[in-house]
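One structure below.
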Amino acid sequence: MTTLTLAISGSGGAGAISTGELLLRLFAEVGGYGMLKKTFSPQIRGGESAAILRLGDAPVSTIPATIDLLVALDWQNFARFADEVPISASTLVLHTGTDVPPPGVTPDNLLTVDAPGIAAAADSGWLNMVFFGMLASGLGCTCAAAETLLRARLEKHDDAVLDAACRALQAGFAQALPDPLRELLATLPVPAATAPGQPQRWLASGNQMAALGALEAGVRFVAAYPITPASDLLEWLAHHIDHYGGHLVQAEDELAAINMVIGAGFGGVPAMTATSGPGMALMSEAMGLAVASETAAVVVDVMRGGPSTGIPTKSEQSDLNLALYGMHGDAPHIVLAAQSIADCHFTAAWAVHLATRLQTLVIVLSDQSLGQSIQVIDAPGSDCPRAAVNSSQEAEPYLRYRDTDSGVSPLALPGEPGHMYTADGLEHGENAIPSPRARDHRMQLDKRWRKLADWDFGGHWAELVGQVDQRPVILCMGSVTATALEAQAAMAAAGREVAVLSLRLLAPLPTKQLATLLASGTRLLVVEHNHGAQLWHYLRSLLPQLAFESLALPGPAAIQPRDIYTALEAANAT
Amino acid sequence: MTTLTLAISGSGGAGAISTGELLLRLFAEVGGYGMLKKTFSPQIRGGESAAILRLGDAPVSTIPATIDLLVALDWQNFARFADEVPISASTLVLHTGTDVPPPGVTPDNLLTVDAPGIAAAADSGWLNMVFFGMLASGLGCTCAAAETLLRARLEKHDDAVLDAACRALQAGFAQALPDPLRELLATLPVPAATAPGQPQRWLASGNQMAALGALEAGVRFVAAYPITPASDLLEWLAHHIDHYGGHLVQAEDELAAINMVIGAGFGGVPAMTATSGPGMALMSEAMGLAVASETAAVVVDVMRGGPSTGIPTKSEQSDLNLALYGMHGDAPHIVLAAQSIADCHFTAAWAVHLATRLQTLVIVLSDQSLGQSIQVIDAPGSDCPRAAVNSSQEAEPYLRYRDTDSGVSPLALPGEPGHMYTADGLEHGENAIPSPRARDHRMQLDKRWRKLADWDFGGHWAELVGQVDQRPVILCMGSVTATALEAQAAMAAAGREVAVLSLRLLAPLPTKQLATLLASGTRLLVVEHNHGAQLWHYLRSLLPQLAFESLALPGPAAIQPRDIYTALEAANAT
Amino acid sequence: MPLKARDYKSGIKPIWCPGCGHYSVLNAITKAMAAREVASHNTAIVSGIGCSSRLPAYVSSYGFHGVHGRALPLAAGLKVARPDLEVVAVGGDGDGFSIGGNHFLHACRRNVNIVYIAMDNEVYGMTKGQASPTSPESWLDGKLTPHGTEMRAFQPCAIALASGAGFIARGYSGDPNGLAQLIFEAMAFPGFAFIHVLSQCVTFVPEQTAWKQRVHPVEGTPATAAEAAALIHADDGFGKGILYRNPRPVWPRMHPQAGGGEDPRAGFAL
Amino acid sequence: MPLKARDYKSGIKPIWCPGCGHYSVLNAITKAMAAREVASHNTAIVSGIGCSSRLPAYVSSYGFHGVHGRALPLAAGLKVARPDLEVVAVGGDGDGFSIGGNHFLHACRRNVNIVYIAMDNEVYGMTKGQASPTSPESWLDGKLTPHGTEMRAFQPCAIALASGAGFIARGYSGDPNGLAQLIFEAMAFPGFAFIHVLSQCVTFVPEQTAWKQRVHPVEGTPATAAEAAALIHADDGFGKGILYRNPRPVWPRMHPQAGGGEDPRAGFAL
Ligand SMILES: Cc1ncc(C[n+]2csc(CCOP(=O)(O)OP(=O)(O)O)c2C)c(N)n1
Ligand SMILES: Cc1ncc(C[n+]2csc(CCOP(=O)(O)OP(=O)(O)O)c2C)c(N)n1
Ligand code: SF4
Ligand code: SF4
Ligand SMILES: [Mg+2]
Ligand SMILES: [Mg+2]
């Protein structure tokens with residue numbers, strides 16, 4: 001696989017992000033692969049921003065730490081990105097020459113492109129489009145295709161604006177590229193057109209895929225309160241749920257949102273909310289109600305840096321503790337983790353299936369990196385899991401909380417004659433009447449536990465890549481998975497085989513399967529994107545017989561493949 | 001030690017609870033020991049209730065499962081207590097004969113006392129006071145002392161009512177006791193007057209002791225929202241905080257309560273709230289703010305049956321997970337567990353000390369059993385730990401979140417010139433200015449972790465009774481401690497030595513001390529009052545090298561000593 | 001054969017104290033259900049936590065006894081998802097105006113077509129006698145407020161009006177027939193209908209038995225906010241009847257055709 | 001030498017968009033502080049989360065940037081514990097009237113002596129353009145409400161009045177001097193003082209620049225609730241000035257003597 005990583009940065013309004021998005025889409029449309037990560041300053045507008053893209057001739061799912069090319073539309077406040085857009089000796093840097101790199105930024109390969117001049121000559125102010133044109137030509141795309149994309153993107157603007165942007169694009173496209181740039185771009189082969197019969201390719205973010213997966217699985221009610229980085233998931237839903245005949249309510253707060261979801265779930269309508277750490281913390285009490293009343297509810301947590309308000313725009317995997325344990329009382333429920341941008345679709349759909357099938361709370365962990373990065377992916381099949389609201393066909397007497405073998409009690413839906421009951425978060429007997437008695441409590445606790453513990457979750461509980469037998473295993477979840485796979489590939493190239501096990505089902509943890517699978521591994525390295533080694537502690541609490549090692553690094557910087565193979569090369573890391 | 005366990009039960013208004021309370025106080029005033037547990041039906045009024053008392057000639061701290069004597073003021077709805085007031089073949093049962101035991105309740109030793117007749121003869125309707133008089137005389141107390149107590153208790157009533165009650169008491173006291181009752185009561189020696197120089201003895205509940213401990217440690221601001229079984233803790237505070245010059249705010253909800261506490265803590269005033277599971281769940285988000293902004297805050301959780309609304313009036317220890325892990329992001333904080341009714345005083349005071357000294361959140365776990373039972377205890381010393389709000393004496397530049405060696409940063413209090421800063425739940429640099437940078441995040445995460453991990457908590461982290469070396473160890477917390485000690489005594493009597501380790505400091509867990517201490521134990525049985533074995537899982541996650549076994553039983557029934565020694569007698573229990 | 005009010009009782013014995021006002025509210029609800037001839041199984045009664053919030057189990061219908069303060073969002077979620085059901089939220093003054101105050105404000109604004117019956121006894125009954133937002137400033141028996149609440153009492157009807165509720169009524173537990181009539185009208189009203197019920201707590205505020213002497217009917221049924229404001233402002237808090245009725249479009253306004261708009265999958269394709 | 005308004009700025013550069021109304025609010029606050037000659041270090045500015053809630057760090061004073069929606073309880077806790085401080089809570093319409101709505105209601109009732117400045121731009125700025133409770137019903141650009149909010153806009157001043165606030169004013173970010181004067185008066189007012197500030201979001205609701213044409217001064221300063229109700233009801237939401245001023249006793253009313261009453265230990269002794 002050949003890939004090229006480039007960053008486009010600039011101050012607010014310079015258009016760095018849109019240039020990056022256009023470029024990725026253009027390259028993808030001709031058959032290329034890639035992904036794009038956005039990074040913003042805390043300013044809402046007028047702050048600097050950068051698009052970091054990796055393009056490739058095969059599927060790409062991580063952004064490496066070092067970049068091959070930086071296009072600096074300007075240098076204002078560039079220093080604030082230093083952590084995220086590190087320039088190495090081999091990075092080719094293009095700038096306009098109208099300002100100079102800030103102190104401490106000393107690119108070895110600095111090329112000046114007179115973009116303002118080129119734009120001005122084309123009677124345009126769109127210097128970012130000059131660069132877009134140059135990059136498009138260097139990547140072997142056509143100017144017409146680039147222009148079509150640009151016009152679609154700017155469709156809300158008036159013609160004069162649009163035309164000016166296109167003139168800058170054309171002028172850039174027409175430029176002869178400086179040699180280093182031409183050579184660098186030429187290293188990436190012009191993508192082959194997609195072969196017929198291949199799965200359709202999409203350009204999408206994890207948040208969009210989670211939203212689509214939930215709708216395709218049957219979600220018809222959403223209530224939520226906006227929060228970064230879940231807001232765009234909700235925004236996509238708000239604009240598409242009509243198509244499915246559902247409703248989205250912007251609630252007054254997260255307390256309202258989760259209780260609305262529980263109300264809809266009680267009514268037999270598959271329902272979900274999406275939030276991030278602070279919002280899920282507020283939902284803690286009512287999540288316990290979903291568990292105790294045995295009402296289906298799906299909560300998607302797009303994790304960001306914590307604790308408290310933390311780092312709202314950056315990725316971390318530090319809400320795992322809250323997701324696993326964050327309710328009072330003994331409240332067994334299901335926790336899933338999406339494994340990739342594309343897998344957000346499946347995992348969200350599976351969550352809807354499990355919540356309805358097992359009448360309980362399902363928390364889906366995603367993270368800002370999966371949620372907000374966009375990537376070229378294979379279109380998910382629409383044969384995803386579906387909601388399974390089974391209304392009861394019970395014989396009399398109807399007992400809502402009947403102590404069945406499976407632990408799943410017969411669920412009547414409002415509207416059914418003869419099966420009326422009052423759902424309750426107070427402890428209750430099988431007949432749903434509140435009961436403080438020890439035997440009822442025990443029966444219901446056992447039942448709620450058993451229905452999860454005994455459920456056959458099938459093969460979806462994790463994805464294993466490689467062979468465990470006599471090899472080290474990297475255990476991970478969420479956005480770390482792609483990094484782990486890249487580390488695996490790098491180690492394989494160096495002749496060292498490791499396995500990667502990405503967990504999709506975190507609770508109930510399939511301890512038997514894990515113990516069997518991992519028994520023959522030589523080392524078990526748990527890699528996670530947080531400070532407290534939450535996943536590692538969790539695995540140890542349930543599988544103390546296994547010698548897990550830990551690599552836990554907090555956000556906002558992404559974990560890098562080399563962090564992983566360095567840890568595996570070190571002697572026992574813990 | 002000689003003890004006697006008796007239950008007094010009756011329908012609403014029959015006065016079962018007050019009879020029990022009077023009896024315990026009377027017996028305690030002459031030098032006896034004892035404790036009392038109340039049990040109510042879900043009715044607010046008009047429901048049946050029972051007082052279960054154990055009296056002894058030495059300190060008493062558990063209520064056994066079997067009772068020696070039942071005084072049934074009437075039999076209405078008695079069946080609902082069957083779980084909690086089990087009658088065995090050896091139980092002596094007194095009743096009035098006006099109604100009969102319900103089906104299924106077949107006491108072997110049933111005695112009729114014509115309490116209504118005796119009361120009527122004394123021109124009174126207070127048949128519970130007839131029994132009080134009989135029991136007082138049988139226990140060797142004076143009628144005058146009993147009457148003094150009764151008058152104090154009824155002081156708000158008018159004289160006619162009071163006199164009628166006293167007449168019934170006197171008539172009861174004057175009765176010749178039926179032989180079995182006389183003999184049974186005579187087994188309990190008349191207490192000796194307390195020797196001078198002994199610590200003063202108190203009659204108090206755990207909730208009262210926690211409240212007093214917090215005030216004596218320096219709490220001057222309380223904000224809370226009522227919830228069973230924490231309301232009476234708050235009620236005691238509301239009536240006594242004036243004495244200390246502090247304020248209690250009844251907040252509109254728990255979200256307001258915890259944020260008010262954080263506001264007061266920011267102002268340098270030691271502050272706390274008290275709640276139970278559902279309320280603490282609601283506080284989850286803001287508890288993370290206390291951690292991230294490094295503001296002192298104390299949250300007392302008087303645990304009840306969960307999940308959700310659960311069993312509000314009964315005890316359980318199932319909020320441990322929420323207390324340990326219930327925040328989003330990596331949010332290290334302190335979790336303490338009170339070990340006994342008396343220890344609620346010390347542990348609450350220690351919590352205030354640690355919260356202020358380490359500028360963080362401290363959660364104190366108590367439970368309904370500790371909180372609401374009353375017991376004769378030695379008066380706690382007033383040399384308890386104290387709040388330690390140290391305002392900074394820093395040199396310029398003042399950095400609120402300075403990365404110090406200890407991890408504790410210099411705290412300036414509003415009102416100090418020259419040290420102004422804005423406390424923040426957004427990640428920040430040392431200077432308190434918000435920062436999304438990886439290095440600042442890491443520094444502050446490390447610092448907040450280090451200040452707890454490196455702190456010397458001294459010897460208070462646990463109480464060890466007995467020797468670990470080559471013996472089984474019972475590990476526990478909270479109200480299970482008394483039961484464990486009783487199991488230990490019973491096993492010692494049978495020639496089997498075991499150690500009991502009750503943990504006061506749950507987080508950060510003193511893993512080194514634990515590993516050292518427990519290394520030589522033959523078995524490590526973790527006993528806890530919940531369904532999910534939360535403490536056991538937690539200990540395993542941090543000390544996987546130790547072979548902990550689990551005995552986890554949910555509420556509302558209390559764990560009994562025999563549950564523990566049966567588990568220890570069984571082969572490896574897990 | 002039409003059902004009688006008693007057919008709408010579940011038969012479960014309430015945990016309430018003898019003499020509690022909540023019994024009358026229960027009776028009034030079942031009377032209104034009988035009068036409207038609603039099918040029990042198409043009705044859902046949703047509540048939070050409190051003595052009053054125990055009500056759903058006592059009605060023969062579907063019910064949800066949720067968590068403290070959240071009856072209104074739970075009810076709204078149910079109604080938006082299942083518009084075919086008759087959804088009634090019930091609860092106490094603590095549940096609705098203290099911990100649940102925010103949802104009350106926004107339910108009035110949002111105008112989902114549900115009925116909300118707040119059983120106001122100016123106290124927290126279930127937790128044994130603390131002040132509630134509606135407790136009089138001078139009430140000295142609140143267990144956490146030994147000096148009195150020292151706060152202005154919350155005005156449920158004034159807040160409902162300021163928040164945009166289109167139907168506001170006040171009933172009294174001592175007048176279950178009048179209350180049944182109000183509930184009947186509230187069920188018939190399109191949109192969020194709020195009924196403030198004075199429902200005495202005989203155990204913790206026994207002096208509320210004197211309410212009998214204080215309640216009085218209000219004149220007329222204001223249909224403009226200004227009239228309603230004048231009436232509510234001038235009233236002493238004991239006026240029974242419909243204080244405001246003025247329907248607005250209910251939420252959600254549109255029920256978009258499923259399958260409408262472009263196929264969401266199309267937007268992703270390269 | 002008395003301090004100037006600029007001496008009350010912390011020097012930290014705001015993250016706000018150029019043209020954001022919140023800059024003017026910041027200026028007005030520092031002007032009012034200068035006019036009242038308050039000592040910076042005896043002042044604490046408390047906020048929640050939102051663009052507006054970033055304000056505390058920009059003022060030279062103590063500050064607390066708390067969590068979303070909880071500025072008011074945090075401020076009240078601070079003030080009750082530390083009555084010697086001047087405590088000002090600030091935040092946005094989302095923070096104060098959506099997630100924080102319950103605290104707003106109860107802060108008005110409780111009447112702790114703090115100032116609350118709500119910077120209302122009828123939108124969630126920080127999360128990039130969702131509708132807020134004060135967004136007009138017809139506003140179609142809210143990112144989660146493509147059909148408009150379809151809900152009645154929240155009326156902050158009417159709710160404050162119905163909840164019992166004793167000081168209610170409206171200011172406008174386009175008139176920082178007038179706003180500074182209102183803040184000055186709010187600080188001088190004994191009790192909870194609410195200032196509703198129309199503070200434009202140029203980025204997500206650029207049409208708010210037209211507010212300039214709509215704002216107008218109100219006549220007089222009502223000192224009775226009835227007058228204030230009439231004024232607020234008749235107003236179009238753009239009237240600037242003091243809409244109500246009527247002090248009530250502040251909370252906590254009593255500051256009991258420490259050491260008073262019986263020794264709490266005595267009650268336990270046998
Ligand atoms: C989150 C939470 N906080 C507190 C409680 C305790 N609690 C239960 S009912 C109640 C108040 C009930 O008062 P109200 O709603 O007026 O009903 P009433 O009992 O008076 O009918 C409270 C505070 C709870 N169950 N959950
Ligand atoms: C519990 C929680 N929910 C949601 C958010 C996300 N959030 C941050 S600011 C904000 C709204 C800000 O709007 P507003 O208060 O009007 O301030 P503005 O930005 O418009 O000044 C939201 C929803 C959060 N930080 N915390
Ligand atoms: S405590 Fe009051 S509200 Fe509760 S049941 Fe008894 S009378 Fe009714
Ligand atoms: S987004 Fe709006 S509110 Fe936020 S800083 Fe920009 S203009 Fe101000
Ligand atoms: Mg009430
Ligand atoms: Mg706003």
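- Counting heavy-atom pairs closer than 4.5 Å to chain A, the top-ranked of the candidates C/Leu105, C/Leu78, C/Val87, C/Leu270 is C/Leu270.
- Contact between C/Gly66 and A/Leu289 at its shortest, heavy atoms only, is CA-CD2, 3.8 Å.
- Proximity to chain C involves both the backbone and the side chain of A/Leu203, based on heavy atoms less than 4.5 angstrom apart.
- Within residues 216-225 of chain A, the residues having any heavy atom under 4.5 Å from a heavy atom of chain C are, by residue number, A/Glu216, A/Phe221.
- Comparing A/Gly425, A/Ala257, A/Gly415, A/Ser293 by heavy-atom pairs within less than 4.5 Å of chain C, the highest count is held by A/Gly415.
- Heavy atoms from other residues, nucleotides or ligands lying under 6.0 Å from CD of C/Glu262 number more than 12.
- For the set A/Gly263, A/Gly418, A/Pro414, A/Ala432, the count of heavy-atom pairs under 4.5 angstrom toward chain C peaks at A/Pro414.
- What you find for A/Met420 and C/Ser60 is that their closest heavy atoms are CE-OG, 3.5 Å.
- Under the 3.5 Å distance criterion, the side-chain polar atoms of C/Arg82 are matched with a main-chain donor or acceptor of A/Gly267.
- Only the side chain of A/Thr295 comes within less than 4.5 Å of a heavy atom in chain C; its backbone stays farther off.
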Q.
Let's go through C/Val46 and A/Phe266 carefully: what are the C-alpha distance in whole Å and the side-chain angles of both, what is the deciding distance for side chain to side chain contact (heavy atoms under 4.5 Å, CB included) to 0.1 Å, and is it a yes or a no?
A. CA-CA 11 Å; C/Val46 172; A/Phe266 169 71; 5.5 Å; no

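- Distance CG/A/Leu426 to OG/C/Ser53: 10.5 Å, rounded to 0.5 Å.
- Atom CE of A/Met260 is separated from atom CG of C/Leu72 by 9.0 Å, given to the nearest 0.5 angstrom.
- Remark: A/Ile258 CD1 to C/Leu74 CG distance equals 10.0 Å, nearest 0.5 Å.
- Ranked by heavy-atom pairs under 4.5 Å with chain A, the list C/Lys79, C/Arg70, C/Arg109 is led by C/Arg70.
- Residue with the most contacts toward chain A among C/His106, C/Arg265, C/Arg110: C/Arg265 (heavy-atom pairs, distance under 4.5 Å).
- Residue contact with chain C, scored on non-hydrogen atoms closer than 4.5 Å, involves the side chain of A/Pro434 exclusively.
- Crowding of C/Arg36 atom CZ: a count of heavy atoms from other residues, nucleotides or ligands under 6.0 Å exceeding 12.
- Of all the heavy atoms in C/Pro264 and A/Leu212, the pair that sits closest is CB-CD1, 4.2 Å.
- Taking all atoms of both residues into account, the shortest heavy-atom contact from C/His65 to A/Thr422 is N-CG2, 3.8 Å.
- Residue A/Glu29 touches chain C through both its backbone and its side chain, counting heavy-atom pairs closer than 4.5 Å.
- No donor-acceptor pair closer than 3.5 Å links the side chain of C/Tyr62 to the backbone N or O of A/Ala412.
- Residue-level contacts of residues 249-256 of chain A with chain C, in order of numbering, are A/Val249, A/Gln250, A/Ala251, A/Glu252, A/Asp253, A/Leu255, A/Ala256; threshold 4.5 Å between heavy atoms.
- Heavy-atom pairs under 4.5 Å with chain C were tallied for A/Ala264, A/Ala204, A/Pro417; the largest tally goes to A/Pro417.
- C/Ser47 does not touch chain A: none of its heavy atoms, backbone or side chain, sits under 4.5 Å away.
- The most heavy-atom pairs under 4.5 Å with chain A, out of C/Ala57, C/Ala76, C/Gly267, C/Ser61, come from C/Ser61.
- Contact annotation for A/Leu248: only backbone heavy atoms (N, CA, C, O) come within less than 4.5 Å of a heavy atom of chain C.
- In this structure, C/Phe268 and A/Trp202 have parallel ring planes: the angle between them is below the 30° cut-off, well short of the 60° mark.
- When heavy atoms are compared at a cutoff of 4.5 Å, A/His345 approaches chain C solely by way of its side chain, counted from C-beta outward.
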